[in-house]
There are 2 protein chains.
Amino acid sequence: MIYLDNAASTPVHQKVIDEMMPYFKEQYGNPSSIHKFGRTANVALQNARKRAADLINADSKEILLTSGGTESNNTAIYGITFQNKGKHIITSSIEHDAILEPCKRLEREGYRISYLPVDRHGLVNVDDIKKEISQDTCLITIMFANNEVGTIQPIKEISGIAHDNNIVFHTDAVQAVGKVPIDVKELGVDLLSISSHKINGPKGVGALYLKKGIKISPLILGGGQENGLRSGTENVASIVGFGMACKLAKENINQNTDYFKNLTSQLITRVLLEIPETSLNGHSEKRIPNNTHFTFLGVNGEDLIIKLDENQIAASTGSACSVRIQKASHVLNAMGFSHEQISGSLRLTVGITNTAEEIDKTVEVLKKVVQELRAVSPYKNKYNF
Amino acid sequence: MIYLDNAASTPVHQKVIDEMMPYFKEQYGNPSSIHKFGRTANVALQNARKRAADLINADSKEILLTSGGTESNNTAIYGITFQNKGKHIITSSIEHDAILEPCKRLEREGYRISYLPVDRHGLVNVDDIKKEISQDTCLITIMFANNEVGTIQPIKEISGIAHDNNIVFHTDAVQAVGKVPIDVKELGVDLLSISSHKINGPKGVGALYLKKGIKISPLILGGGQENGLRSGTENVASIVGFGMACKLAKENINQNTDYFKNLTSQLITRVLLEIPETSLNGHSEKRIPNNTHFTFLGVNGEDLIIKLDENQIAASTGSACSVRIQKASHVLNAMGFSHEQISGSLRLTVGITNTAEEIDKTVEVLKKVVQELRAVSPYKNKYNF
């Protein structure tokens, strides 16, 4: 089976597994315990925290460990708004649901939310942000890279605008971490969300970067772990694995980026050349290197995925999270796509385990199945398939 | 090293590790993906959910998977109170901080909270519950078994009182699951919290039992996983491990209970007989079988733990979570203990990996170190040590 859904989740690196194992088997202490088992677990926790910090050029103390990207995003939004009752938030219309759903709830509770539009390529216009800022804007949250089409936003510029106006800036960097170099000091962001399982770490763990001086209220209360900002016994083994995944991501960033670029260039070039009535969605340059997102006119994306699956290729129409509820992509909708264009979309995201041979195989299968589906498409005559 | 801190965390069972491994290595799909990797992950998730349900005689649909006991408790409390703004909650004064801290926050937000007293043995008086119930009581949350002294509350009786008054009843059963048989149908509870790492499963995963018909608001919003009640990519490998831990806990409950009872009886008998000025805390019968909690008069518990640690024994004064902040136990305080009695307390909790030989060794070490500490105790003359 060829796995081309690395934006949904990634295989856990063998070195990550090896690093985790002792913390299941022998070092099962609770990091809060003062005996040797506890101290050993706590040291492991702090090492992992340092590795996560290093990946984004943060300080260890600025890393809040969570159960994943979604919790990190919720913690950022509720953490800031809890102390800013009823105020104003600026976000974009193409955020992940882990941003949009908390925003919608806050809206129902009386907060005011501005959902910025994006252009045809999924880019936010920074002038729109400036226009939306008001006296009571307490938070700007704009994703680093989109999970469907891969478009990278001008994070440093947005960060600057936020700070010129004394507004806290958060970015959901779940899809960007490990794909583009991220330096929080250089970017100047206040909060940044990371997920482990998108960078070949285990699921169920992530982090929220919290710039020194930024105060948030906790989402989950209890024993006071993570300086009182995230209670619950720390998920030691998974955190240790996450730490190793961060270390590997940092060490291999250039090599991985080049590798991803080569694979996606190969895929994009061949697909656009060899399959008619097909377009690449997202921005041509401002995109994460492992993402490709196509529209095959006249084809239903769900059917395409099933056909690909039958041919041993794992792909996605867009966000894995929204597949089951079968709603049309709010991202493509915001980008101005027609129903037909949205329907015919396919996301193929590469990872460290993919090979050039797999890409060639995928193109051959795609050519075949797209042709098969178009032969029975209701749009058959429109495009003269 | 002898590990006697199983209430803080437990070693992961080898069968649990074996069960998890494929979900790191080969089956790394996102359960929301519709391709084969995703479907395989989803099947594993549902199998694990069934195993967790079976452990407490619930239906699979009644199991909400979370990142652990603390999140389960927070989800229960906020999940019920979100739709009951400013109303009244009844809890006990000896709950875990994962209950007390959310309650304290709600209190600051205008909710009314009754913190019930307990007797010398840590038991809640059910008449106190009846007295506190008022028209606007929306939730009663009383722990199943206390994490420090092991006292088991009359859960079925409290559940009956709650339902006679149409009040939702939640119990934090983190320390009770796997130690006493739990049948949610027989007990009639509405919500019940479980933690994986207290029953030889991995850390970072747990569940909230949610009786059919009970409606809660989600704590974490996003992609809509867990029927919209807990968003975030499911922690597949850990959940699979948790499922196996539940299966083992169910299969071995009688055997484990007997085994724990034998070990703790041996420990309690020898300690009380061989070390003077020592008492067993908690209830003599209504206690989980793996818990022992002593007061050694004239001894400082923290010093005792350090001495035990030097002698290769891992123990605790009480809750692991509160060790680092060095606050006096709110549980023992509520039970009416003096500062001296609280200070001299030690919790030894056994698990499936402990042996009778380890217990004998522990008693010998305890005799030695208690004597050493008492020789330099400020209470030396008071007790004529």
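What you see below is based on every heavy atom in this structure, not just the backbone, and it leaves out hydrogens, waters and symmetry mates. Note on naming: letters A, B, ... go to the chains in the order of the sequence lines (proteins, then strands), and numbering restarts at 1 for each one. Source: prediction; values computed, not measured.
Options B:E26, B:E310, B:E71, B:Q27 differ in how many heavy-atom pairs under 4.5 Å they form with chain A, and the most are formed by B:E71. Across B:S195, B:G68, B:G241, B:P11, the residue that shares the most heavy-atom pairs under 4.5 angstrom with chain A is B:P11. Of the residues considered (B:K25, B:H13, B:Q312), B:K25 shows the highest number of contacts with chain A, using heavy-atom pairs under 4.5 Å. When each of B:Y78, B:Y23, B:F82 is checked for heavy-atom pairs under 4.5 Å with chain A, B:F82 comes out on top.
Listed here is the closest heavy atom pair of A:R105 and B:S217: NH2-CB, 3.8 Å. What you find for A:I17 and B:F24 is that their closest heavy atoms are CD1-CB, 3.8 Å. When every heavy atom of A:Y28 is checked against every heavy atom of B:K203, the shortest pair comes out as O-NZ, 2.8 Å. Contact record, A:A315 with B:H35: O-CD2, 3.1 Å, taken as the closest heavy-atom pair. Nearest heavy atoms, A:Y3 versus B:G29: OH-CA, 4.5 Å.
Proximity of a side-chain donor or acceptor of B:N30 to a complementary backbone N or O of A:S9 within less than 3.5 Å is not detected.
Only the side chain of B:E109 comes within contact range of chain A, with heavy atoms under 4.5 Å apart. Contacts between B:A237 and chain A at a heavy-atom distance below 4.5 Å are absent for every atom of the residue. Only the side chain of B:I305 comes within less than 4.5 Å of a heavy atom of chain A; its backbone N, CA, C and O stay farther away. Contact of B:N74 with chain A is made through the side chain alone, with heavy-atom distances under 4.5 Å. For chain A, no part of B:A41 is nearby; none of its heavy atoms comes within less than 4.5 Å. Of the atoms belonging to B:S238, it is side-chain heavy atoms, and not backbone ones, that fall under 4.5 Å from chain A. In this structure, chain A has a heavy atom under 4.5 Å from the backbone of B:T10, while its side chain stays farther away. Within the 4.5 angstrom heavy-atom criterion, only side-chain atoms of B:H197, from C-beta onward, approach chain A. Heavy atoms closer than 4.5 Å to chain A are found in the side chain of B:Q14, but not in its backbone. Using a 4.5 Å cut-off between heavy atoms, A:I220 touches chain B through backbone and side chain atoms alike. Contacts between B:L100 and chain A at a heavy-atom distance below 4.5 Å are absent for every atom of the residue.
Heavy atoms from other residues, nucleotides or ligands lying under 6.0 Å from NZ of A:K85 number more than 12.
The structure places OG1 of B:T70 at 7.5 Å from CZ of A:R230, a figure rounded to the nearest 0.5 Å. Taken to the nearest 0.5 Å, the CG atom of A:N235 stands 8.0 Å off from the OG atom of B:S67. Taken to the nearest 0.5 Å, the CG atom of B:L221 stands 9.0 Å off from the CG atom of A:L106. Annotation: the span from B:L308 atom CG to A:K36 atom NZ amounts to 15.5 Å, rounded to 0.5 Å. For the atom pair CG (B:N73) and OG (A:S231), the distance works out to 11.0 Å, reported to the nearest 0.5 Å.
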